[in-house]
Amino acid sequence: MLLARTHGRAFRHQVEELLTQNRLMVATISGFLLLYGVAAYVLVSRGLGFIHKMPLFGPLLTERLVYLLFFFFFVMLVISNATITGMGLFRRKDMEWQVALPLPERSLVLWKTLEGMTLASWGLIVLSAPILLALGQLFHSGPLFYLLGLPALVCLVTISANVSTWALLVLVRFARPWWWRVVAVLAVGLLLLAFQRFWIRVPESSKGTDIVASLHDVLRHTEVCMHPLLPSSWVAETIFAASRGLNGQAEFYLLTLLSNALFALVVTGRLGATMFYPAWHRVMTAAPEAQARSGELAWFRKRNRLGTGDVWRFILRIDRPSHALLVKDVRTFLREPTQWGQCVVIFGMLLMYSSNLRHLGYDLQNPFWTLVISHLNLLVCCLALSTLTTRFVFPQFSMEGQRLWILGLSPLPLERVMGLKLRLIAGVLALLTTLLVVMSSISLELPLRRAVFFCGAVILQSYGLTALALSLGALLPNFREPNPARVISGFGGTLCLIGSFLYILGSAAALALPDALAWRADLHKMPLTPMEVMKGECAALGFVAFLTIVFGGIPWWQAKKKTKNLDYLRDL
């Protein structure tokens, strides 16, 4: 309660300052959330209504989609809570002071769990509100549906936050270096399996038009999401029971969620009292030991010989200071499991999807569905890029924090530092997303011209999204906050998210317009010539390049102009 009162007062003062001094930020966030809520409600209600009205298997598909939705919400919450809670428990500088206070470890762990739950889960409530409204309209439910659905979501959030804390404490307390080798071997094995499944030729028997058989195969792989011991299944059962008027059954599942959420808090307090301090002590003593070992291998103790760094500098054609900065960024990324772990999860899911696209049993000979799926694949890749750039690229400049003066005194000016970061991050993201687009193009058997078209679009958006995130991070830094999750929750992170969304939306509309016009011409028996189609695609790519300049180039020019001086040092 002492920690809650302290943070509550600090939060109240921040809200008062926000309402008085940053009204533009409040108006921007409120307007975007309102626009998102209306758009999400319309799209979800129409989509679920279309699926629910399908003959024979419409209600079955709707039910399975709800189970899948809350299952993936649960998995995402566990990962995001583990990331934010781990930073709060083992990476924050103020924890060294709080551990020394006469506060029980149980209270510290419980508070950090609740704090991480708040930071990681408010987005779920925003995402789920339009979906709940759409489900209520679909099932023609009354107010009791919403009165039971919202507490069920809160209980799911609480359970996922506590589960992530348990996994975090066990991992930090007992993890050994050889564990990561096993994880790496498993990851490589899954990658090889994905490529193997991708290159296996699909038998003609699996390309049939038997919708019932294809649907059965797809639903068979989603039965794990309906396991009766999963909290996400209890949330889905609560919603279904409330929608059908089975109030007793809905209350049973809601009380089951509530009892497990409260019990999870008790278990978290017990584990925090027994495991937190040994885990925290292990983290604190690991850094000095690593520094001592690295000091023995310092550069001035080595012989002057040609190493891998010289080889990379020769390949990349960069000088030694630039190479040192790139090495620093790469090592920082590799030393942060919270960063590369989420990147692996996102790109791993996209890779598994792309590699299994041709095995779904759909008849992709229909040009219309091939066209729709190809554009949706591009949209998914770009949305994943916007998630990564907003989450990891935007706070990079702010994370330099109190050490920014070191970069200011280095032989590299700040605008060149930003340029190197852009080349490194955008180049890696463009390479990964291009690989995904190529795999999906091969799966859909697209012609080479179409594959090049989508690859060019995703490369442009990779550089545009990265430039937008880096520029806004430099224009709106927050050097006082060491937690990147809090940095992206501010005005700059919200503006970056909104700008990325608008940029992707405009690019997707421009890229789909030539195909829509060509499809409409085919329906009217006036097909376009290949030259006209190519001109339309070139015009679409040109408009995407124009949007890249507007959303990425202009902020980039403003950020470089600001970083030419050392005014940042006043904010340290």
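Count residues from 1 along the sequence. Just the heavy atoms: all of them, side chains too, but no hydrogens, waters or symmetry mates, feed the values below.
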- request: Can you spot which of T85, N81, V163, V109 makes a side chain to side chain contact (heavy atoms under 4.5 Å, CB included) with L168?
  value: T85
- request: Indicate yes or no: at least one non-hydrogen side-chain atom of I504 is less than 4.5 angstrom from one of L383.
  value: yes
query: Are the side chain of T390 and the backbone of T387 linked by a donor-acceptor contact shorter than 3.5 Å?
result: no
message: For a side chain to side chain contact (heavy atoms under 4.5 Å, CB included) check, start with the C-alpha distance between L69 and I131, then their side-chain angles and the critical distance, and finish with the verdict.
response: CA-CA 10 Å; L69 174 70; I131 298 176; 3.7 Å; yes
field: Rounded distance (nearest 0.5 Å) linking atom CH2 of W280 with atom CG of L89
entry: 11.5 Å
message: Distance check, rounded to the nearest 0.5 Å: E115 atom CD versus H7 atom NE2?
response: 5.0 Å
query: Got L468 and L472 here, is their nearest side-chain heavy-atom distance under 4.5 Å?
result: yes
Any donor-acceptor N/O pair, T433 side chain to V458 backbone, under 3.5 Å: no
query: Is it the case that more than 12 heavy atoms not belonging to R450 sit under 6.0 Å from its CZ atom?
result: yes
query: S232 and F73: side chain to side chain contact (heavy atoms under 4.5 Å, CB included), yes or no, with the steps?
result: CA-CA 8 Å; S232 58; F73 274 167; over 6 Å; no
message: Under a 3.5 Å distance rule, please check whether R173 uses its side chain to pair with a backbone N or O of M275 as donor and acceptor.
response: no
task: Kindly compute the distance separating CG (L262) from SG (C155), expressed to the nearest 0.5 Å.
output: 7.5 Å
- prompt: Just by distance, do the side chain of R46 and the backbone of V44 share a donor-acceptor pair under 3.5 Å?
  reply: no
field: pair R64-M226: side-chain heavy atoms closer than 4.5 Å
entry: yes
query: Between A152 and V235, what is the shortest heavy-atom contact and its length?
result: O-CG2, 3.8 Å
Full working for side chain to side chain contact (heavy atoms under 4.5 Å, CB included) between H375 and D515: CA-CA 10 Å; H375 280 279; D515 292 327; 2.5 Å; yes
query: Hey, are the side chains of L257 and Y253 touching, using non-hydrogen atoms and a 4.5 Å cut-off?
result: no
field: Smallest separation among heavy atoms of I159 and N260, with atom names
entry: CD1-CB, 4.0 Å
query: Is there side-chain contact between T238 and F252, with heavy atoms separated by less than 4.5 Å?
result: no
- prompt: For the rings on F240 and Y67, is their centre-to-centre separation under 6.0 Å?
  reply: yes
- request: With the side chain counted from C-beta on, respond yes when F501 and S386 share a heavy-atom pair under 4.5 Å apart, and no when they do not.
  value: no
task: Please name the pair of heavy atoms, one in F71 and one in C225, separated by the smallest distance, quoted to 0.1 Å.
output: CD2-SG, 3.4 Å
- prompt: Is any side-chain heavy atom of W166 less than 4.5 Å from a side-chain heavy atom of V267?
  reply: yes
task: Nearest 0.5 Å please: distance from the CD1 atom of I239 over to the CH2 atom of W234.
output: 15.0 Å
query: Say you draw a straight line from CD of Q461 to OG of S500; how long is it, rounded to the nearest 0.5 Å?
result: 10.5 Å
task: Looking only at non-hydrogen atoms, find the nearest pair between A250 and A241 and report the distance.
output: N-CB, 3.6 Å
- request: Search all heavy atoms of C455 against all heavy atoms of T434 and return the closest pair with its distance.
  value: SG-CG2, 3.9 Å
- request: Test L153 against V157 for side chain to side chain contact (heavy atoms under 4.5 Å, CB included), laying out the working first.
  value: CA-CA 6 Å; L153 282 176; V157 165; 5.5 Å; no
message: Can you give me the closest heavy-atom contact between Y146 and Q137, atom names plus distance?
response: OH-N, 4.1 Å
message: Quick one: does any side-chain atom of T466 pair with a main-chain N or O of Y463 as donor and acceptor, under 3.5 Å?
response: no
- request: Flag the pair L436 / C381 as yes when at least one side-chain heavy-atom distance between them is below 4.5 Å, and no otherwise.
  value: yes
message: Please identify which of these residues, L77, I79, T165, meets the side chain to side chain contact (heavy atoms under 4.5 Å, CB included) condition with S160.
response: L77
Spatial distance of atom CG (L169) from atom CZ (F276) [nearest 0.5 Å]: 8.0 Å
